[in-house]
Amino acid sequence: MTIAIQELTPFQEVNLFLDDSAERLGLADGLRQMLRQPWRELKVQVPVRMDNGRVEVFTGYRVQHNGARGPYKGGVRYHLQADADEVRALASLMTWKNALVDVPFGGAKGSVQCDPSQLSESELNRLTRRYTLNIEHLLAPNRDIPAPDMGTNAQTMAWMMDAYGQIHGHCPAIVTGKPVEMGGSLGREAATGRGVALILQEAAIDLNIDLDAIRIVIQGHGNVGSWAAQILYDSGCSIIALSDVGGGIHNPKGLDLSQIAQNKAAGISLSEYPHGERVTNAELLELDCDVLIPAAIDNVINTDNAPRIKARLIAEAANHPVTFGADQILNDRGITILPDILVNAGGVTVSYFEWTQNLQEFRWEEERVNEELRKVMSKAYRAVHEKVVSEGINYRQAAFDIGVGRVARAVNLRGFV
Ligand code: NAD
């Protein structure tokens with residue numbers, strides 16, 4: 001399918017991937033319309049008393065995209081750009097991702113439009129509690145279960161759990177990605193990055209790539225990027241460039257990830273790493289490398305820079321880092337893209353393990369978590385790869401076809417329509 005694409009919103013773009021899949025699957029028109037729209041969305045005011053005594057009013061969202069396969073599940077993002085359209089796009093991706101890795105969840109996403117780096121710890125605590133109270137009537141362990149995303153973390157989930165618990169009583173299964181001390185799962189913090197590494201390792205075999213001999217570039221050094229970088233580095237890969245919001249560092253001979261991790265723990269910024277050249281985030285994406293892993297924000301690879309991307313393989317650790325138009329350009333150029341709904345599904349997979357542990361009031365050993373994660377990611381990758389080979393479609397198309405097909409079957413079985 002070739003479409004002239006300019007100025008589309010993230011949700012329109014995700015729906016183009018859906019339409020492409022619905023066409024191949026031959027879905028009925030009414031069903032397509034259902035899958036294109038969120039089931040329910042809520043916009044809330046989030047007033048916060050700031051440390052200086054003034055009241056600031058933020059906007060929050062919770063979008064429940066599709067619940068045919070189980071309770072709504074998806075992260076909460078604190079970011080200025082996370083408006084209704086972006087949250088819809090991310091909620092839709094969660095629906096297809098959860099179906100692809102076959103965890104029993106529907107898709108959702110939430111946000112508060114704020115810059116968390118400009119808020120103090122106590123302001124973030126108050127903002128999180130107010131947001132939770134304002135969306136609380138949509139949540140329950142068998143209805144909708146939030147998790148961390150960009151700008152939020154385990155501490156945010158502890159505040160959400162506490163705010164929800166003040167109304168409903170102790171309820172760890174209401175959020176995942178919590179601190180381990182609060183019922184979080186061992187292995188959850190590293191899970192998304194670990195999943196990225198697992199998918200890359202699986203794909204390397206099929207694509208005839210020797211991971212020990214290649215150069216990897218990673219954009220983003222937050223939860224996902226830092227764990228993916230560390231796990232790949234520990235397994236012998238060379239990471240030649242890494243960035244955060246302030247820019248990146250590049251050394252074609254490879255970065256010393258142990259030193260970078262130590263610096264991060266000591267609060268020393270990436271830009272102060274002495275053994276590399278500084279690059280902007282835009283330059284980083286176009287570096288000469290074999291594998292590019294965008295692990296920060298959406299839309300970073302677009303029709304402007306797609307013709308200049310030099311990597312032969314892109315593993316989408318972030319959600320929707322490649323626009324629909326860039327996807328077409330990269331496919332035409334023969335660059336393989338491993339899609340977000342496969343690559344970053346490790347987080348929600350271990351969130352599922354966390355939720356089941358909470359419901360059973362039982363705790364798994366970290367080895368068990370990691371082994372079960374490996375099995376789920378490997379099975380999902382194999383299913384996608386087999387479709388790529390048997391149907392001659394690309395990895396994103398195969399992943400969407402599996403996810404969309406499963407959701408469509410669940411909708412029909414429930415007799416929604
Ligand atoms: P995070 O907040 O922990 O880290 C984000 C990183 O991106 C930071 O290093 C930040 O400095 C950098 N960044 C922010 N704005 C940037 C910009 N404009 N340009 C370049 N870098 C920028 O977030 P995260 O949890 O690591 O999430 C990263 C991506 O992975 C998001 O797309 C998120 O939706 C996706 N994801 C996260 C999880 C999870 O478990 N955390 C799961 C699935 C997908």
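Order of listing sets the numbers, starting from 1, for every ligand and every atom in it. Counting from 1, the numbers follow the sequence of the chain as shown. Please read all numbers here as calculations on a predicted model, not as lab measurements.
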Next item on the list: Evaluate the side chain to side chain donor-acceptor pair (under 3.5 Å) criterion for residues D51 and S122: first the C-alpha distance (whole Å), next the side-chain angles of each, then the deciding distance (0.1 Å), finally the verdict.
Entry: CA-CA 8 Å; D51 292 344; S122 58; 3.1 Å; yes

Item checked: Y72 vs W39, ring-ring contact (aromatic ring centres under 6.0 Å, His included): CA-CA, chis, key distance, verdict -> CA-CA 10 Å; Y72 299 100; W39 183 254; 7.9 Å; no

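Listed by number with element, the atoms of ligand 1 under 4.0 angstrom from any heavy atom of G151 are 2 (O). Using a 4.0 Å cut-off to heavy atoms of R188, the atoms of ligand 1 that qualify are 40 (O). Close contacts between ligand 1 and A296 involve ligand atoms 7 (O), 12 (C), 13 (N), 21 (N), 22 (C), 28 (C), 29 (C), 31 (C), 32 (O) [criterion: under 4.0 Å to a heavy atom]. Within ligand 1, the atoms closer than 4.0 Å to a non-hydrogen atom of A295 are 28 (C), 29 (C), numbered from 1 in the order shown.
The nearest protein atom to atom 33 (C) of ligand 1, hydrogens excluded, is given as D149 OD1, 3.2 Å; this is a heavy-atom distance. Shortest contact from atom 19 (N) of ligand 1 to any protein heavy atom: N281 ND2, 3.7 Å. Protein heavy atom nearest atom 15 (N) of ligand 1, with residue, atom name and distance: V245 CG2, 3.6 Å. Of the protein's heavy atoms, V224 CG2, 3.4 Å lies nearest to atom 37 (C) of ligand 1. Of all protein heavy atoms, the one lying nearest to atom 39 (C) of ligand 1 is T192 OG1, 3.5 Å. Of all protein heavy atoms, the one lying nearest to atom 6 (C) of ligand 1 is G222 N, 3.7 Å. The shortest contact between atom 41 (N) of ligand 1 and any protein heavy atom is with N223 OD1, 3.7 Å. Protein heavy atom closest to atom 9 (O) of ligand 1, with residue, atom name and distance, is H221 N, 2.8 Å.
Between K73 and D144, none of the side-chain N atoms (NZ, or NE/NH1/NH2) sits under 4.0 Å from a carboxylate O, so this pair counts as no salt bridge. Ion pairing between D288 and K310 fails under the 4.0 Å rule for side-chain N and carboxylate O.
Aromatic ring pairs are classed by plane angle as parallel below 30°, tilted from 30° to 60° and perpendicular above 60°; the pair H65 and W96 is perpendicular.
In this structure, the ring of W227 has its center no less than 6.0 angstrom from the ring center of H221.
I240 and C289 get closest at one heavy-atom pair: CD1-CB, 4.1 Å. The minimum heavy-atom distance between P71 and W355, with the atom names listed, is CG-CZ2, 4.2 Å.
Under 4.0 Å from ligand 1, not a single heavy atom of H320 appears. The proximity of A345 to ligand 1, defined as any non-hydrogen pair under 4.0 Å, does not occur for either the backbone or the side chain.
Looking at ligand 1, you won't find any N or O of S243 less than 3.5 Å from one of its N or O atoms. For I297, no nitrogen or oxygen atom sits less than 3.5 Å from a nitrogen or oxygen atom of ligand 1, counting backbone and side chain alike.
The only member of R32, R24, R36 that meets salt bridge (charged side-chain N to carboxylate O under 4.0 Å, His left out) when paired with D19 is R36.
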Could you tabulate the donor-acceptor pairs under 3.5 Å formed by side-chain atoms of residues 246-253, not counting sequence neighbours?
{"residue": "N251", "atom": "OD1", "partner": "K253", "partner atom": "N", "Å": "2.9"}
{"residue": "N251", "atom": "ND2", "partner": "H275", "partner atom": "O", "Å": "2.8"}

Which donor-acceptor pairs under 3.5 Å do side chains of residues 179-188 form with protein atoms, sequence neighbours excluded?
{"residue": "S185", "atom": "OG", "partner": "Q357", "partner atom": "NE2", "Å": "3.0"}
{"residue": "R188", "atom": "NE", "partner": "G347", "partner atom": "O", "Å": "3.3"}
{"residue": "R188", "atom": "NE", "partner": "S351", "partner atom": "OG", "Å": "3.0"}

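Proximity of H79 to ligand 1 is not established, as no heavy-atom distance is less than 4.0 Å.
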